[in-house]
S.K.: 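For reference, the structure I am asking about is given below.
Counting begins at 1 with the first residue of the sequence.
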Amino acid sequence: MTDKTLVLDELPGTRAAADMDTFVDACLVLAAQGHAAGLAGQITMRDGDSGRMFTLALGTGMDEAEAGRVLLVDAQLKTLEGSGRANPGALFHSWIYRHHPQVKAIVHTHPPALSALSMLGIPMPVAHMDAAMFHDDCGFLARWPGVPTGDEEGALISEVLHGKRTAFLVNHGAVCTGATMQEAIYLNVFAERNARMCLDALAAGPIQPVEPEAAREAHDFLLQPAIVNATFAYWARQARRAAKSSIA
């Protein structure tokens, strides 16, 4: 029998691009994947190892992202570079960056399936191979404290993320963090896919749990940088083609 392939080298042409290009691509990917619900949600990228972060100017849709619409803000969301102001809901991102130094990017959106699943008041199920990146890696916030423009939600979400990349928020949705922007986007897109699968499965009957050992193996396999970066690069190419087609 042939042993499983569990480790992949980086694929050609998928290494991280310049930070600002990656940030813009990330916004376009989210828009193309149906995550742009008006102006709800935020995407941020830490500026080096500081408490500063890059984000879109309030009023800019994810499908409108370009370098000239990106702001650099401090931990209190004061604009340091760029024109405009940040979404006040991004304040909780500062809490995460402050308490989780390994986090370099944060994505929080309001796509339909994640929003619907959050209304059931249960942790996000992980019962499919394509969702294994969330196995034992998704915290659960069982109370919605309201609009996230103050410190309370920042403190709550930051605590729930202890030892986890993702937090599932009741009556709200999900927050996905990453050691890179590519990883945060990868998790966010697959969280919505998983939520859609869960809703479809729950409508048909009870969910069959996965075996923990197999899920742990799949978790580590799916979160390899080679897979994360190649997937992001593919989505970015798709999003750029879609953006060009809409202009033509």
S.K.: Run the side chain to side chain contact (heavy atoms under 4.5 Å, CB included) check on Met20 and Val70 step by step: do they pass?
M.R.: CA-CA 9 Å; Met20 194 53 60; Val70 178; 3.8 Å; yes
S.K.: Supply the atom-to-atom distance Gln208 CD to His128 NE2, rounded to the nearest 0.5 angstrom.
M.R.: 12.5 Å
S.K.: For the hydrophobic clusters of this structure (ILVMFWY residues joined by side-chain heavy atoms under 4.5 Å, transitively), does one cluster hold both Leu222 and Tyr234?
M.R.: yes
S.K.: Using ring centroids (six-membered ring only for Trp), state whether His110 and His35 fall under 6.0 Å.
M.R.: no
S.K.: Could you give me the CA-CA distance, side-chain angles and deciding distance for Arg85 and Lys78, then say whether side chain to side chain contact (heavy atoms under 4.5 Å, CB included) is met?
M.R.: CA-CA 7 Å; Arg85 57 170 296 186; Lys78 178 182 177 182; over 6 Å; no
S.K.: Minimum heavy-atom separation for Leu56 and Phe23, please, with both atom names.
M.R.: N-CZ, 3.9 Å
S.K.: His108 and Phe92: ring-ring contact (aromatic ring centres under 6.0 Å, His included), yes or no, with the steps?
M.R.: CA-CA 10 Å; His108 168 61; Phe92 78 84; 5.7 Å; yes
S.K.: I'd like to check Met62 versus Thr109 (side-chain heavy atoms, cut-off strictly below 4.5 Å). Are they in contact?
M.R.: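 Side-chain contact under 4.5 Å: yes.
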S.K.: Ser50 and Tyr97: side-chain donor and acceptor closer than 3.5 Å?
M.R.: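 The criterion, which ignores hydrogens and geometry beyond distance, is not satisfied for Tyr97 and Ser50.
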S.K.: Of the non-hydrogen atoms in Gly89 and Asn87, which two are nearest, and what is the gap between them?
M.R.: N-OD1, 2.8 Å
S.K.: Tell me whether Leu114 shares a hydrophobic cluster with Ile157, the cluster being built from Ile, Leu, Val, Met, Phe, Trp, Tyr side chains joined at under 4.5 Å.
M.R.: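 As far as the 4.5 Å side-chain criterion goes, Ile157 and Leu114 are not connected within one cluster.
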S.K.: Looking at residues at least two apart in the chain, or sitting in another chain, which of them share a side-chain hydrogen bond (donor to acceptor under 3.5 Å, both in side chains) with His100?
M.R.: Ser158
S.K.: Apply ring-ring contact (aromatic ring centres under 6.0 Å, His included) to the pair Trp235 and Phe190, showing each step before the final yes or no.
M.R.: CA-CA 12 Å; Trp235 288 338; Phe190 273 104; 5.7 Å; yes
S.K.: Does Asp200 have more than 12 heavy atoms from other residues, nucleotides or ligands lying within 6.0 Å of its CG?
M.R.: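 Enclosed: over 12 neighbouring heavy atoms sit under 6.0 Å from CG of Asp200.
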S.K.: Which heavy-atom pair separates Phe140 from Ile122 by the least distance, and what is that distance?
M.R.: CE1-O, 3.3 Å
S.K.: Side-chain contact test, heavy atoms from C-beta onward, threshold under 4.5 Å: evaluate it for Phe54 versus Thr44 and give yes or no.
M.R.: no
S.K.: Should Leu91 and Asp151 count as side-chain neighbours, where that means a heavy-atom distance under 4.5 Å?
M.R.: yes
S.K.: I'd like to know if the side chain of Asn194 reaches the main chain of Pro125, judged simply by a donor and an acceptor atom lying under 3.5 Å from each other, with no hydrogens or angles considered.
M.R.: yes
S.K.: Compare every heavy atom of Leu77 with every heavy atom of Met53, then report the nearest pair and how far apart it is.
M.R.: CE-CD2, 3.3 Å
S.K.: Between Leu202 and Leu117, which heavy-atom pair has the shortest distance, and what is it?
M.R.: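 For Leu202 and Leu117, the tightest heavy-atom pair comes out as CD1-CD1, 4.4 Å.
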S.K.: Can you measure from CG (Asn188) to SG (Cys176) and round to the nearest 0.5 angstrom?
M.R.: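 SG of Cys176 is found 4.5 Å from CG of Asn188.
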S.K.: Phe221 and Val126: same hydrophobic cluster, using ILVMFWY side-chain contacts below 4.5 Å?
M.R.: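 Result: yes, single cluster for both.
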S.K.: Is there a side-chain contact between Pro88 and Leu58 in this structure, where contact means two heavy atoms from C-beta onward sitting under 4.5 Å apart?
M.R.: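 In short, these two side chains touch, coming nearer than 4.5 Å.
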S.K.: Donor-acceptor pair, distance only, cut-off 3.5 Å: does the side chain of Ser94 make one with the backbone of Ala75?
M.R.: yes
S.K.: Looking only at heavy atoms, what is the nearest atom pair of Leu187 and Phe134, with distance?
M.R.: O-CZ, 3.2 Å
S.K.: Quick check against the 3.5 Å criterion: does Glu159 have a side-chain atom that pairs as donor or acceptor with the backbone of Leu156?
M.R.: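 No.
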S.K.: Within the side chain of Glu192, is there an N or O that forms a donor-acceptor pair under 3.5 Å with the backbone of Ala113?
M.R.: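 Answer holds: yes.
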S.K.: State the CZ-OG1 distance between Arg69 and Thr60, to the nearest 0.5 angstrom.
M.R.: 5.0 Å
S.K.: What's the separation between atom CG in Leu161 and atom OG1 in Thr166, rounded to the nearest 0.5 Å?
M.R.: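 Answer rounded to 0.5 Å: 7.5 Å.
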S.K.: Inspect the surroundings of CD in Gln102 and state if more than 12 heavy atoms from other residues, nucleotides or ligands are less than 6.0 Å away.
M.R.: yes
S.K.: Go through the steps for Tyr186 and Gln182 under the test side-chain hydrogen bond (donor to acceptor under 3.5 Å, both in side chains), then give the verdict.
M.R.: CA-CA 6 Å; Tyr186 177 81; Gln182 290 91 334; over 6 Å; no
S.K.: Count I, L, V, M, F, W, Y as connected when their side-chain heavy atoms are under 4.5 Å apart, and connections chain through other members. Are Ile207 and Met124 then in the same cluster?
M.R.: yes
S.K.: For residues Arg193 and Gln33, determine if any side-chain heavy atom of one lies less than 4.5 Å from a side-chain heavy atom of the other.
M.R.: no
S.K.: Compare all side-chain heavy atoms of Phe168 with those of Val175 and state whether any distance is below 4.5 angstrom.
M.R.: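 The answer is no, as the side chains (C-beta and beyond) never meet within the 4.5 Å cut-off.
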S.K.: Any side-chain heavy atom of Val107 within less than 4.5 Å of one from Leu30?
M.R.: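 Yes, side chains in contact.
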S.K.: Should the ring pair His99 and Trp95 be called parallel, tilted or perpendicular, given that the plane angle runs from 0 to 90° and is split at 30 and 60?
M.R.: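 His99 and Trp95: parallel rings.
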S.K.: Determine yes or no for a side-chain-to-main-chain donor-acceptor pair under 3.5 angstrom, with Arg46 supplying the side chain and Val103 the backbone.
M.R.: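 Yes, the answer is positive, given that a donor and an acceptor are paired below the 3.5 Å cut-off.
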S.K.: To the nearest 0.5 Å, tell me how far Cys138 SG sits from His219 NE2.
M.R.: 10.5 Å
S.K.: Do the side chains of Leu72 and Ile43 join up, straight or via other hydrophobic residues, at under 4.5 Å, putting them in one cluster?
M.R.: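 Yes: a chain of side-chain contacts under 4.5 Å links Leu72 to Ile43.
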S.K.: Would you say Gln42 and His93 make side-chain contact, with heavy atoms under 4.5 Å?
M.R.: yes
S.K.: Could you walk me through whether Asp136 and Arg216 satisfy the salt bridge (charged side-chain N to carboxylate O under 4.0 Å, His left out) test, starting with their C-alpha distance in whole Å, then the side-chain angles of each, then the deciding distance to 0.1 Å, before giving a yes or no?
M.R.: CA-CA 8 Å; Asp136 199 25; Arg216 281 192 294 272; over 6 Å; no
S.K.: Answer yes or no: is there an ion pair linking Arg240 with Asp25, defined by an N-O contact shorter than 4.0 Å?
M.R.: yes
S.K.: To the nearest 0.5 Å, what is the distance between CG (Asn229) and CD (Gln224)?
M.R.: 11.0 Å
S.K.: So does Glu152 have more than 12 non-hydrogen atoms from other groups sitting under 6.0 Å from CD?
M.R.: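 Result for CD/Glu152: enclosed.
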S.K.: Going by an N to O cut-off under 4.0 Å, is there a salt bridge joining Asp137 and Arg165?
M.R.: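 Yes, Asp137 and Arg165 are salt-bridged.
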